[in-house]
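Please read all numbers here as calculations on a predicted model, not as lab measurements.
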Amino acid sequence: CAMSSITDQDKDYELLNEAIMKAIASSDDVKKALLNFQEKNLIDKTTALNLIVSLEEMESLMSLEYTPR
């Protein structure tokens, strides 16, 4: 059924998105960069979280744009 394949594809994209976000969040380079910003008082933890959420939203929009129809 076409509907279930779309759902399966959505689940696959969701798993990929989750894996990418976990990789970004656990990246030592990302942590060091965020700490550097925090030490210079250029960014706080709330702002960092908002940045990550924004990146996730942007990625979601991009995947919607490029989803094969």
Side-chain angles (χ1 to χ4, degrees):
C1 172
M3 206 57 160
S4 70
S5 66
I6 291 172
T7 303
D8 290 343
Q9 187 177 22
D10 288 345
K11 287 180 185 175
D12 290 340
Y13 278 115
E14 187 63 33
L15 288 172
L16 176 61
N17 183 48
E18 193 174 311
I20 290 169
M21 293 312 298
K22 282 181 184 175
I24 291 170
S26 65
S27 164
D28 287 338
D29 290 337
V30 172
K31 286 179 188 174
K32 286 177 192 171
L34 288 174
L35 280 173
N36 186 40
F37 273 93
Q38 287 175 356
E39 287 168 3
K40 295 177 181 177
N41 292 321
L42 297 174
I43 193 171
D44 61 22
K45 289 181 181 179
T46 304
T47 306
L49 181 61
N50 287 336
L51 175 63
I52 291 171
V53 170
S54 296
L55 289 172
E56 187 174 320
E57 288 174 0
M58 186 171 62
E59 194 278 332
S60 294
L61 290 173
M62 287 172 49
S63 69
L64 286 177
E65 284 180 22
Y66 297 110
T67 300
R69 299 190 191 268

With sequence neighbours excluded, residues passing side chain to side chain contact (heavy atoms under 4.5 Å, CB included) with [X]:
{"X": "Asn17", "value": "Glu14, Met21, Glu56, Glu59, Ser60"}
{"X": "Gln38", "value": "Leu35, Ile43, Lys45"}
{"X": "Ile20", "value": "Leu16, Ile24"}

> Under the 3.5 angstrom rule, does the side chain of Ser54 hit a backbone N or O of Asn50 as a donor-acceptor pair?
Replying inline: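 The answer is yes, because a donor-acceptor pair under 3.5 Å joins these two groups.
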> Pairs in or reaching into residues 17-31: which pass salt bridge (Lys or Arg N to Asp or Glu O under 4.0 Å), with residues at least two apart or in two chains?
Replying inline: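 Every pair satisfying salt bridge (Lys or Arg N to Asp or Glu O under 4.0 Å) with a residue in residues 17-31: Glu18-Lys22.
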